[in-house]
Every structure is written in C-alpha cells, then in structure tokens.
Amino acid sequence: MRLALPAPGVEAWYCELARSAAGIDALRACLAPAELARAGQFGRPGLRDRYIVGRATLRRLLGARMGLAPEHVDIQRGHRGRPHVPGSGGIDFNVSHTGDHALIGIVAQGRIGVDIEHEARQLNVEGVARKFMALAEQAMLAAQEPDLRRRTLLRLWTCKEAMSKATGDALSAPFRQIDVALQDGVRVAGGPRPYAPGGWTLHALRAPGDHLATVALWQGP
C-alpha cells in the first residue's frame with residue numbers, strides 16, 4: 001500500500017509481511033543467492049519468511065522504479081553496510097520492520113531513512129528519554145501525562161532512527177545531540193553535522209494498523 005507523502009520524487013510503501021506458504025515460495029524466486037543464504041540463517045521460520053517477503057517486495061518496488069525485473073535489481077552493501085543499487089541514477093531506499101509489517105521508502109535523489117513503530121508499544125519512557133533524547137525533548141516529555149509521553153517518545157524515536165538510517169550511522173548516531181521539534185509538524189531543531197537542521201526534511205506518517213512512521217530526507221554528504 002502506497003502512503004501519501006507530500007514530497008515530489010518520494011515513495012513510502014506499507015507492506016504486510018505475513019503471506020501463505022505458496023506466496024512466499026513465489027517471492028523467493030526473485031531473490032539473489034546471497035539473500036537466499038541469509039534467509040536460511042534465520043533460526044525461526046517466521047523471521048525467515050518475513051525477510052523473504054520484505055526483500056522481494058523491495059526488489060519489486062525498485063524494479064518498477066528502474067524498469068527492471070525484480071531479480072535483476074543489483075542490491076549491494078556500501079559504507080557501513082548500508083544497502084544501495086549501483087548505477088540507479090541516484091535512487092536511494094530504506095526499509096524498517098516491526099512485527100509482520102514493513103515500511104519501504106524510495107527517493108529519486110538524496111538519501112532517505114524510514115522507521116515504523118506500533119503506537120501501542122510499551123517501553124521504559126524515562127530510561128529511553130535520558131539515554132537518547134535532547135534536553136529540550138526531555139523537558140517537553142516531562143510536562144506530558146504518561147500515555148501521551150509514551151506516544152510522543154515513540155514519535156521522536158522514529159524521527160531519530162530514520163535519520164540515523166539515512167546517514168548509515170544507525171545506533172552510533174549522537175541521538176542526545178539531535179533535537180527534534182514537534183510543534184507545527186516535525187522538524188530538526190538542532191544537531192551536529194551531519195544532523196544540522198538545514199540538511200533535513202522530516203515527514204511524520206500514520207500507517208495502517210495504528211503504526212507511527214517517519215520518513216527522513218537528507219540532502220546527503
């Protein structure tokens with residue numbers, strides 16, 4: 001399912017990963033040998049099947065964008081293991097999973113990061129805030145009632161996770177130095193390079209099934 005996104009050249013797709021055995025076998029045919037080997041390394045069949053569906057769906061979306069059959073999309077790992085497609089003319093992509101659901105983002109130019117979380121996810125709000133949130137964000141959270149505080153933290157987390165995936169920094173990103181403001185939409189209010197405000201655009205989305213999602217667009221290094 002394609003999600004509405006107010007940005008030209010950007011696609012955000014919500015994907016259900018639960019499929020029948022026959023459907024999974026059909027999707028398996030478009031994976032590369034390395035992807036099939038990785039699928040075989042998952043200890044649990046459910047994780048293996050979700051990987052196959054997610055990877056095959058990504059290949060189909062990229063292939064449609066590039067005019068290629070899914071099995072001919074050359075997905076490689078680049079800097080810090082971040083996947084990319086050489087010779088794609090600047091197309092960038094990113095994927096996030098939660099349970100049986102995935103979010104796939106594709107952009108024509110620049111870098112993209114995405115993150116999706118279920119709105120009902122329970123977590124140690126105070127602990128996560130102390131470890132990953134900027135001081136201004138912590139002050140905002142402290143002023144909210146408990147359930148709103150939890151949901152606000154999840155929104156902030158999707159923003160920071162999406163940004164860290166766009167750069168390839170992942171959990172090594174300086175989360176506590178990245179300040180995300182939620183008033184009048186979502187935006188980067190402060191942060192060190194490469195997380196300074198001028199290089200970023202954030203889009204907060206609501207995905208089906210009570211999911212929160214964020215698409216982070218980075219002008220790139």
Side-chain angles (χ1 to χ4, degrees), residues 2-14 58 61-62 65-66 75-98 102-117 128-141 151-207 211-221:
R2 185 170 180 173
L3 303 180
L5 196 66
V10 182
E11 299 177 12
W13 295 86
Y14 173 81
L58 172 64
L61 292 173
L62 289 173
R65 187 95 179 219
M66 299 170 63
I75 300 176
Q76 298 185 12
R77 290 196 170 272
H79 181 62
R80 296 186 180 179
R82 191 176 187 274
H84 69 111
V85 178
S88 63
I91 291 175
D92 191 52
F93 62 92
N94 197 236
V95 182
S96 177
H97 302 87
T98 180
L103 179 69
I104 299 173
I106 304 173
V107 66
Q109 295 292 332
R111 295 276 283 270
I112 189 170
V114 300
D115 191 54
I116 184 170
E117 300 284 350
V128 172
R130 284 194 303 270
K131 187 173 182 179
F132 295 105
M133 299 298 128
L135 292 178
E137 296 166 337
Q138 292 184 43
M140 174 181 63
L141 290 165
R151 287 183 281 116
T152 299
L153 182 69
L154 284 172
R155 171 59 71 193
L156 291 170
W157 177 257
T158 64
C159 293
K160 298 190 181 198
E161 178 76 359
M163 292 173 70
S164 73
K165 293 176 70 179
T167 63
D169 288 341
L171 290 179
S172 67
F175 288 100
R176 291 192 75 247
Q177 299 177 52
I178 303 170
D179 184 9
V180 175
L182 301 182
Q183 298 82 8
D184 301 319
V186 291
R187 60 183 176 86
V188 182
R193 288 188 175 185
Y195 299 97
W200 293 89
T201 304
L202 302 180
H203 296 282
L205 306 176
R206 287 199 65 87
H211 287 93
L212 299 174
T214 296
V215 173
L217 303 175
W218 181 36
Q219 293 179 3

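- With hydrogens and angles ignored, the 3.5 Å screen pairs no side-chain donor or acceptor of R187 with any backbone N or O of A181.
- At least one side-chain heavy atom of E11 sits under 4.5 Å from a side-chain heavy atom of R65.
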For W218 and Y195, what are the C-alpha separation, side-chain angles and deciding distance, and is it a ring pair (Phe, Tyr, Trp, His ring centres under 6.0 Å)? CA-CA 9 Å; W218 181 36; Y195 299 97; 7.4 Å; no

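- Using the six-membered ring where Trp is involved, F175 and W157 have ring planes that are parallel, under 30° apart on the 30 and 60° scheme.
- In this structure, CG on L141 lies 12.0 Å from CZ on R130, to the nearest 0.5 angstrom.
- F132 places none of its side-chain heavy atoms less than 4.5 Å from the side chain of L153.
- Between atom CH2 of residue W13 and atom CD1 of residue I106 there is a gap of 8.0 Å, rounded to the nearest 0.5 Å.
- Formation of a donor-acceptor pair under 3.5 Å by the R176 side chain with backbone atoms of L135 is not found in this model.
- Residues L182 and M140 are in side-chain contact: their nearest non-hydrogen atoms beyond the backbone lie under 4.5 Å apart.
- Taken to the nearest 0.5 Å, the CD1 atom of I112 stands 11.5 Å off from the CD1 atom of I91.
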For R155 and T214, what are the C-alpha separation, side-chain angles and deciding distance, and is it a side-chain hydrogen bond (donor to acceptor under 3.5 Å, both in side chains)? CA-CA 8 Å; R155 171 59 71 193; T214 296; 3.1 Å; yes

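- With E117 contributing its side chain and T98 its backbone, the two residues share no donor-acceptor pair below 3.5 Å.
- Counting only distance, with no hydrogens or angles, the side chain of T201 and the backbone of L217 share no donor-acceptor pair below 3.5 Å.
- Enclosure of atom CZ in R2 by more than 12 non-hydrogen atoms of other residues, nucleotides or ligands within 6.0 angstrom is indicated.
- Although no hydrogens or angles enter the test, the distance criterion places a donor-acceptor pair under 3.5 Å between the side chain of R111 and the main chain of T167.
- Between M163 and W200 there is a side-chain heavy-atom pair separated by less than 4.5 Å.
- A donor-acceptor pair under 3.5 Å links the side-chain atoms of N94 to the main chain of V114, judged by distance alone.
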